[in-house]
Amino acid sequence: MTREYIYLGHDNIFSLILYLNNEPADLSGVTKMTITIGDITIASNNSDTDPIRWGKTGYSTGEVRFFLGTQNLSPGEYEAPLVVYDSAYVNGIVWSYVPLTVVAEVEKE
């Protein structure tokens, strides 16, 4: 999996395609996702303003977008577990570990 970058204080996003049996996963039944970066767990129920979103108009099958630049994260490198929940897996499934680099604010005022 490619390393993704989170730029604190900025609107950069990254997206992933989740696969099941070598095909993009149908995420229509997913009720919640979490990603844990260091000691911070970020949760989403897929509202239009949540930091993790999937299944929206214009998204590809299996696509998840992460809007994490405004989260209270510490700069560093992480292997962040992504957990996906639905009605059959109410305790969630650890889907993958996402390699992340959190970059401190790059603009100095």
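- When side chains are defined from C-beta on, T2 does not count as touching P99, because their heavy atoms never get closer than 4.5 Å.
- Taking CD1 from I35 and CG from L68, the interatomic distance works out to 6.5 Å, rounded to the nearest 0.5 Å.
- Using a cut-off of 4.0 Å between Lys/Arg side-chain N and Asp/Glu carboxylate O, R53 and E63 are scored as not salt-bridged.
- You'll find the side chain of T34 stays beyond 4.5 Å of the side chain of L82, heavy atoms only.
- Expressed to the nearest 0.5 Å, how far CD of Q71 lies from CD1 of I42 amounts to 4.5 Å.
- In terms of heavy-atom proximity, D86 sits nearest to G29 at CB-O, 3.1 Å.
- When the side chains of ILVMFWY residues are joined at heavy-atom separations under 4.5 Å, either directly or via intervening members, V84 and Y59 end up in two distinct hydrophobic clusters.
- When hydrophobic clusters are built by joining Ile, Leu, Val, Met, Phe, Trp and Tyr residues whose side-chain heavy atoms come closer than 4.5 Å, directly or via intermediates, I37 is not grouped with F67.
- Hydrophobic cluster membership differs between V83 and V30, with clusters built from Ile, Leu, Val, Met, Phe, Trp and Tyr side chains linked at under 4.5 angstrom.
- The side-chain heavy atoms of S60 and I17, taken from C-beta on, include a pair separated by under 4.5 Å.
- Residue S44 holds its OG atom at 4.0 Å from CH2 of W54, rounded to the nearest 0.5 Å.
- Y78 and G38 make their closest contact through CD2-N, 3.4 Å (heavy atoms, listed as atom of the first residue, atom of the second, distance).
- Separation of atoms CE (M33) and CG (L27) is listed at 5.0 Å; rounding is to 0.5 Å.
- Partner F66 forms a side chain to side chain contact (heavy atoms under 4.5 Å, CB included) with one of I13, L16, L100 and no other, that one being L16.
- Here the closest non-hydrogen pair linking P24 and Y19 is N-CD2, 3.5 Å.
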task: Test D26 against S28 for side-chain hydrogen bond (donor to acceptor under 3.5 Å, both in side chains), laying out the working first.
output: CA-CA 6 Å; D26 176 4; S28 62; 2.8 Å; yes
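- In the hydrophobic cluster analysis, where Ile, Leu, Val, Met, Phe, Trp and Tyr join through side-chain heavy atoms closer than 4.5 angstrom, L18 is grouped apart from Y85.
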T41/T36 under side-chain hydrogen bond (donor to acceptor under 3.5 Å, both in side chains): CA gap, chis, key distance, verdict:
CA-CA 4 Å; T41 297; T36 300; 2.9 Å; yes
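- A cation-pi contact, defined as under 6.0 Å to the ring centre and within 45° of the axis, is absent between R65 and F14.
- Residues N12 and I6 fail the side-chain proximity criterion, which asks for heavy atoms closer than 4.5 Å.
- Note: E4 CD to S15 OG = 7.5 Å, rounded to the nearest 0.5 Å.
- For the pair I52 and V64, the minimum side-chain heavy-atom distance is below 4.5 Å.
- Using a cutoff of 4.0 Å between basic side-chain nitrogens and carboxylate oxygens, D48 and K56 are scored as salt-bridged.
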